[in-house]
Structure formats: C-alpha cells, structure tokens
K.L.:
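Before anything else, here's the structure in question.
Start at 1 and go down the list; that is how both ligands and their atoms are numbered. Counting begins at 1 with the first residue of the sequence.
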Amino acid sequence: MITRFAPSPTGPLHLGHAYSALTVWQIAKNLGGTALLRIEDTDSTRVRPEHEASIYEDLSWLGLAWPEPVLRQSEHGANYERVLKQLAELGLLYPCSCTRRDIIDAGAVSGIEGMIYPGTCRHRSLPDAVAGDAFRLNLGKALAQISGQMTYTETGVNAAKDIAVSPHHLLQNIGDPVLRRKETGDPAYHLACVHDDARQNISHVVRGTDLQALTPLHVLLQRVLGYPTPTYHHHALITDEDGKRLAKIDKSKALAKYRAEGATPQDIRHLIGFVD
Ligand code: GLU
C-alpha cells in the first residue's frame, strides 16, 4: 500500500492541509503502508521556494516523516512532455490560443473547474500550434477510444463502493481540459498528478472531497495512458466557524502562525478534530 500527500507550494499550509496530511499518514499506518510526500510545483508562475520550505517544516513539526528523495514535479518536465507526446500520437491533443475573455465571449458556462471550454480551437491540430498555445485534451475523442465501463473504488466519506465514471458528467461539467499551459508550457495538474501516481505506484489516493469531481477525469487519463487506477479515498473537508471551507484563498491562518504563537501539534489535532 502506497499513498501520498501532494501539496502545491503556492501558499502556506493551513489547517485543511494539516487535516489532509494527518489523514494520509493515518491511513498508511492503518493499512501497513507507506506515505510519500510529493511536491506539485508545476505552475511556475505561482510556486515559491519559501512555501516549499515551510511544507517540510510544518509536516515535520506535525510529527510526519516520509521517504527521501521527495519527488518535485518541476524536476521532471521531460516525463510530462513524453506523456503529451503519447497523447498527441493518439490524436487526442489540440493547440488552443483562447484567452479567458475569448472563452467567455464564446458563451461558455462555468463547470467544476472554471469555464467549460466551448471548443473554439478544437478543429486545430498540433502541427498548427504557435508559440504560447496551450494544449487541450479532446475529451469526446478520448472517451470514444475507451471500451467498456470506467469505474473506480471509493473508500472515503461513505463505505467502500465502486463508482462508475460517467462520460456525460465529464462532457457536461469539465469539458476539454488544458494539459499543457499556455505561455509557460508547464504541465497541468491533471497530467502531472496522473503520471506521478502511476510512476510512484500509488495504490491509494487520499485527498479532500474538493477534488472528487475531478477524479473521473483522472480515471479517464489513466485508461487512455494504460496506467492502473488506484483506490480513492476522498476525505471530508474541515470548515471554519462560518462553515466555509478552509482554503489558502480564504486567508485561513497558516500553520506556521499557530506554531509561532506557541500552539503544539497536539493543539492542531484538537482544533481540526483529528482523532487517531
Ligand atoms: N496538488 C494538489 C493540491 O494541492 C493536490 C493533488 C492531489 O492530491 O491529487 O490541491
């Protein structure tokens, strides 16, 4: 059993991250497995070295340990380019030059992950790509290449059960995702995450329910790329006093701040209601 905690060093860790990390390590312990730490630092416009440094510091302070070396996605660009090549050979990628404005003007509606791409550039092919274009997955074409039903096993929130991936859900709520970002050429989260879960032989993905709606897309990518599908455990999110989800953008208090104010790791466990 191998699981992972995969934070993005784009902001300080807060209580929600502590809950997620403690859950990852707890499940690994219960199942006699290993918890890995993976740094998802692919978004070169948003990652900061000081946030990465505090990930190591905060997690060690919480009493968590992980095998070294830690996989830092920014060091493995060639792997993600290989995956893009594989998808390109399957005819599943197209270049896209649309700005956010273009997408809104084309009448796009919002989905789970921002606007659902209206398909403006879907007729284009990779040889026509110009510098700065994003690469998108042609979702409909990818779905058409899959035979049989796609399912995954969910062991979180409710009891263990098999969940069918609905092509309709993917098309209606997600649309053609960007897999290579515009301008920077950085690999997108979905691509790097799915690749590394396979590369690191992750048997159990433990993460918050906020990512659950994207899991069908990850299962689709796994099927297209010939990767195994891990078991998924989506855990409930902790909420602040107003019942709002704690998130980096909510300016929730950083773990480092609690620490500076004299809180102990035990205090943090109590605050987030983590019982082990
Ligand atoms: N890097 C992602 C985040 O910080 C987590 C990805 C995952 O656990 O699949 O939200």
Side-chain angles (χ1 to χ4, degrees), residues 1-28 33-48 50-56 58-59 62 64 66 70-76 80 83 112-114 152-157 163 165 174 177-179 181 186-222 225 227-238 245-250 252 254-255:
M1 183 274 179
I2 307 179
T3 184
R4 85 297 191 279
F5 179 57
S8 303
T10 53
L13 296 193
H14 55 65
L15 294 177
H17 292 105
Y19 185 81
S20 197
L22 289 166
T23 305
V24 167
W25 264 263
Q26 183 67 51
I27 290 177
T34 304
L36 305 179
L37 172 63
R38 179 165 84 217
I39 301 293
E40 298 208 324
D41 57 348
T42 53
D43 186 350
S44 59
T45 63
R46 293 176 62 222
V47 301
R48 300 277 175 273
E50 62 272 27
H51 296 315
E52 183 176 342
S54 65
I55 288 172
Y56 303 128
D58 291 344
L59 296 179
L62 285 172
L64 305 175
W66 52 88
V70 166
L71 191 156
R72 300 175 68 245
Q73 292 185 326
S74 59
E75 293 172 355
H76 300 279
Y80 312 125
V83 184
I112 289 163
E113 220 198 4
Y152 68 94
T153 303
E154 168 69 57
T155 62
V157 186
I163 296 187
V165 168
I174 301 182
V178 167
L179 294 185
R181 293 170 183 276
D186 292 334
Y189 156 64
H190 306 300
L191 182 90
C193 174
V194 161
H195 173 269
D196 288 338
D197 284 341
R199 172 185 173 161
Q200 297 187 291
N201 299 312
I202 302 299
S203 59
H204 291 65
V205 170
V206 178
R207 60 186 180 193
T209 51
D210 53 335
L211 292 168
Q212 192 163 16
L214 293 171
T215 296
L217 174 60
H218 293 191
V219 174
L220 171 66
L221 285 170
Q222 288 152 4
L225 293 164
Y227 299 159
T229 291
T231 293
Y232 285 86
H233 181 108
H234 294 97
H235 62 73
L237 303 176
I238 60 164
R245 186 162 74 79
L246 288 168
K248 275 174 272 194
I249 44 167
D250 278 346
S252 307
L255 275 181

K.L.:
May I ask you to check if ligand 1 and Pro7 share an N or O to N or O distance below 3.5 Å?
P.N.:
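No, since none of the N or O atoms of Pro7 sits under 3.5 Å from an N or O of ligand 1.
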K.L.:
Does ligand 1 have a heavy atom under 4.0 Å from the side chain of Cys193, from its backbone, from both, or from neither?
P.N.:
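Looking at Cys193 and ligand 1, just side chain atoms fall under 4.0 Å.
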K.L.:
Salt bridge or not for Arg181 and Asp186, using N-O below 4.0 Å?
P.N.:
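Salt bridge: no.
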K.L.:
Please work out, at 4.0 Å between heavy atoms, whether the side chain, the backbone, both, or neither of Tyr189 comes within that distance of ligand 1.
P.N.:
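The part of Tyr189 near ligand 1 is the side chain, not the backbone.
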K.L.:
Could you tell me whether ligand 1 has any atom less than 4.0 Å away from a heavy atom of His17?
P.N.:
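No, that is not the case, since the closest heavy atom of the residue is not under 4.0 Å from the ligand.
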K.L.:
Only one of Asp43, Asp41, Thr42 clears side-chain hydrogen bond (donor to acceptor under 3.5 Å, both in side chains) with Ser74; which?
P.N.:
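That would be Asp41.
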K.L.:
Which of the atoms of ligand 1 are close to Glu40, meaning less than 4.0 Å from one of its heavy atoms?
P.N.:
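With Glu40 as reference, the close atoms of ligand 1 come out as 1 (N), 2 (C), 5 (C), 6 (C).
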K.L.:
Which is closest to atom 10 (O) of ligand 1 by heavy-atom distance: Leu211, Leu214, Thr215?
P.N.:
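Among Leu211, Leu214, Thr215, the closest heavy atom to atom 10 (O) of ligand 1 belongs to Leu211.
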K.L.:
Is the closest side-chain donor-acceptor distance between Gln200 and Arg4 under 3.5 Å?
P.N.:
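There is no such pair (donor and acceptor under 3.5 Å, judged by atom type) between the side chains of Gln200 and Arg4.
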K.L.:
Could you give the distance from OG1 (Thr229) to CG (Leu221), rounded to the nearest 0.5 Å?
P.N.:
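With rounding to 0.5 Å, OG1 (Thr229) is 10.0 Å from CG (Leu221).
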K.L.:
Where do Thr209 and His234 land on the side-chain hydrogen bond (donor to acceptor under 3.5 Å, both in side chains) test, with the steps shown first?
P.N.:
CA-CA 5 Å; Thr209 51; His234 294 97; over 6 Å; no
K.L.:
Need the ligand 1 atom indices (1-based, order shown) with element for anything under 4.0 Å from a heavy-atom of Arg207.
P.N.:
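Under 4.0 Å from Arg207, ligand 1 has these atoms: 7 (C), 8 (O), 9 (O).
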K.L.:
Please identify which atoms of ligand 1 are closer than 4.0 Å to at least one heavy atom of Arg4.
P.N.:
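That gives atoms 7 (C), 8 (O), 9 (O) of ligand 1.
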K.L.:
We want to know whether His190 and Glu113 form a side-chain donor-acceptor pair, criterion being a heavy-atom distance below 3.5 angstrom.
P.N.:
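The criterion, which ignores hydrogens and geometry beyond distance, is satisfied for Glu113 and His190.
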